[in-house]
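As the structure is a computational prediction, the values presented were derived from the model and not from experiment. Just so you know, ligand 1 is whichever comes first in the structure, and atom 1 is the first atom listed for that ligand.
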Amino acid sequence: MEQPELSTLDELAREARACTACPDLPLGPAPVLQVSAQARVLLIGQAPGTKAHLSGRPFTDASGDRLRAWLAITPEIFYDPTKLCILPMGLCYPGRLPKGGDCPPRPLCAPLWHSRFLALMPRIELVLLVGSYAIKHYLGPGLMTDHVRRGRAGKFWPLPHPSWRTGHWERQNPWFTHATLPALRAELCRLTAQ
Ligand code: SF4
C-alpha cells in the first residue's frame, strides 16, 4: 500500500544523508540519524562521536550505554525507528577540540534540517533534549541543571549529555536519579509500548 508520508520522510532522510553543506568536517560529511513517521518519541542529541560516525548508528558508545540505562530501554527499542527517532543537533561528527572533547555541533545543521523533519513526524509527543546544545536551541538560555531540574516543558524533556563526566553531576544532583528518571521511564514505557 502506498504511504505518501513515509515516502516523503524517506526522501528527506535521503536528502539529509547526502548533505555536504560542511565540506571541512575532519572525517567528511556522514550524517547519522534515525527517523520514521510512526514514532512518538524523538531524541535530539548533540552530534555523533567517532564510533557512531564509523558505525552509522547513533550512540554506539559508552555514552549510549549510559543513556539507555537512564531511559531503561533495550537496544532493540532504542534502535527501532518506529519507537524512537534520533536527530542530533549536528548530524555529522564535528571533530575534536585541541584540549580534548568533541567540537560543538555545526550551528547551521539543526536550522537546516530539524523543522523539515519535525513537520513529517506528526506522531511525536515527547522530545528528549539531550545535552546543553539541544536544550538551549529548544528551551532557550540558562544552566543545564536548572532546565533539567524544572523537568518537562510541554513536549520537551531536557536531560544532561550522558558522557562519563555526568557521573559526578549525577552524584551532586540525586533528584535526577530518584525523581526525574523514574518519571521519564514511565512515560517512555507508555509511548514505546505500541
Ligand atoms: S553537519 Fe549537518 S549541515 Fe553539516 S554536512 Fe552534516 S548534515 Fe550537512
Side-chain contact, heavy-atom cut-off 4.5 Å: Leu27 with Leu25? no
Metal proximity, Cys109 vs atom 8 (Fe) of ligand 1, N/O/S cut-off 2.8 Å: no
Can you confirm if the aromatic rings of Trp157 and Trp70 lie within a centre distance of less than 6.0 Å? no
Would you mind finding which of Cys22, Pro31, Pro88 brings a heavy atom closest to atom 7 (S) of ligand 1? Pro31
Looking only at protein heavy atoms, identify the closest one to atom 3 (S) of ligand 1 and say how far it is in Å. Leu108 CD1, 3.2 Å
Should Arg165 and Glu170 count as an ion pair when the cut-off is N to O under 4.0 Å? no
Evaluate the ring planes of Phe59 and Phe78, with Trp represented by its six-membered ring, and classify them as parallel (under 30°), tilted (30 to 60°) or perpendicular (over 60°). perpendicular
Any salt bridge linking Arg116 with Glu15? Criterion: basic side-chain nitrogen under 4.0 Å from a carboxylate oxygen. yes
Taking only heavy atoms of Leu91 into account, list the atoms of ligand 1 that are under 4.0 Å away from them. 7 (S)
A student checking ligand 1 against Cys92 at a 4.0 Å heavy-atom cut-off should list atoms 1 (S), 5 (S), 6 (Fe), 7 (S)
If we number the atoms of ligand 1 from 1 as shown, the ones under 4.0 Å from a heavy atom of Cys19 are 3 (S), 5 (S), 7 (S), 8 (Fe)
